[in-house]
*Asks:* 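The structure follows.
Order of listing sets the numbers, starting from 1, for every ligand and every atom in it.
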Amino acid sequence: MILIHTHDGRTIETAAAPEQPLEHIVFLTGLWAGVPLCAGLGRCGLCRVRFISSAPKPAAEEMKKLSEAALESGWRLACLHPAEPCEIELPEPVRASRKATRDIPHTERFSLAIDLGTTTLQWSALSGAEVIAEGGELNPQNGLGGEVMSRLAHSLRPGGAETLRRLVSERIRSLTLDLERGTGGRCEALCVSGNSVMTYLLLGLDGSTLAAAPYRLSYQGGDERTIAKGIPRAYIPPLLAVRRG
Ligand code: FES
């Protein structure tokens, strides 16, 4: 069992999973939603946690990031240690802000275009050809891998692909419903464009063919897919691939 004490006095229990980094497990509780973690690279320092007892031996990267006094008091970077049973304390999370148009005009119907990047999710709502609202935020999967290969590696763990799919599909659903409330209208068309890995993760497709040479696409895009209940099916533009031979 992992016991997490938050900066605002809550205590959360979650299961240990030593095959994963502690940072993943804390991220999956939702406590680090919106925190721009580098997810395992040991660079951002935003996954700092304090072990209440039995702090693990510090890794070389931690010696550079954390002061001797901090290490001595039990502070560690959660991405550099396995999620073994422990009791930890979290400082107040440093979240990136979501940017979005404030005053959204009323419209009966709109379409929504989403650029699903590995790091960020950028979106524009359009009435006809006119952009009526736009915004950007972190990709909600960011804590489970900072770049495509580590995100893909997470998808190949048991349950990993479903977790990644759920995180991003739920965010697209809530964004669409928020815009429907904001405009007073209905989203009638949705387009989600991403690189091959982000698209596979969004659609819950088997990414193993993208994880190793010859990196073949088993899905080429160019059709409509269901992402979540209560929102329109999404058009997925054709995926780019190098044609060989
Ligand atoms: S240092 Fe960035 S997630 Fe750990």
Side-chain angles (χ1 to χ4, degrees), residues 2-8 10 12-99 116-121 136-157 159-161 163-168 171 195 197-198 201 207 211:
I2 294 175
L3 214 53
I4 305 170
H5 302 287
T6 66
H7 73 286
D8 53 3
R10 287 174 293 151
I12 291 167
E13 277 185 19
T14 187
E19 70 287 358
Q20 292 197 51
L22 178 58
E23 177 263 323
H24 283 193
I25 299 306
V26 177
F27 178 77
L28 287 171
T29 64
L31 291 169
W32 282 339
V35 176
L37 300 159
C38 66
L41 302 178
R43 286 196 195 132
C44 69
L46 296 173
C47 65
R48 260 173 18 119
V49 301
R50 193 174 80 79
F51 284 78
I52 308 280
S53 60
S54 313
K57 192 168 176 281
E61 292 94 318
E62 283 170 314
M63 311 267 211
K64 294 182 211 148
K65 278 271 170 215
L66 303 174
S67 69
E68 215 169 294
L71 289 168
E72 189 63 32
S73 320
W75 289 98
R76 297 289 186 272
L77 298 178
C79 66
L80 300 177
H81 297 280
E84 286 172 343
C86 60
E87 183 172 2
I88 55 174
E89 169 186 303
L90 261 56
E92 186 168 359
V94 180
R95 299 189 204 281
S97 57
R98 280 181 178 166
K99 295 195 181 98
L116 179 60
T118 308
T119 309
T120 61
L121 182 157
E137 61 197 57
L138 282 177
N139 181 316
Q141 305 164 329
N142 79 307
L144 299 177
E147 30 67 46
V148 283
M149 292 315 282
S150 56
R151 199 82 55 85
L152 198 50
H154 187 83
S155 78
L156 301 177
R157 296 175 190 270
T163 301
L164 289 162
R165 191 201 64 74
R166 180 178 48 75
L167 286 169
V168 74
R171 178 56 195 140
N195 62 47
V197 172
M198 290 308 111
L201 297 180

*Asks:* Anything protein N/O/S under 2.8 Å from atom 2 (Fe) of ligand 1? Just list residue and atom, please.
*Replies:* C38 SG, C44 SG
*Asks:* Between E19 and R157, does at least one N-O distance fall below 4.0 Å, as a salt bridge requires?
*Replies:* no
*Asks:* Take a 6.0 Å sphere around CZ of R43 and say whether it holds more than 12 heavy atoms from other residues, nucleotides or ligands.
*Replies:* no
*Asks:* Run the numbers on L201 and L116 for side chain to side chain contact (heavy atoms under 4.5 Å, CB included), then give the verdict.
*Replies:* CA-CA 11 Å; L201 297 180; L116 179 60; over 6 Å; no
*Asks:* Which residues satisfy the side-chain contact (heavy atoms from CB on, under 4.5 Å) test with E89, sequence neighbours excluded?
*Replies:* R50, I52, W75
*Asks:* Can you tell me if CD on E72 sees more than 12 non-hydrogen neighbours from other groups inside 6.0 Å?
*Replies:* no
*Asks:* Going by side-chain hydrogen bond (donor to acceptor under 3.5 Å, both in side chains), H81 matches just one of K57, E62, E23. Which one?
*Replies:* E62
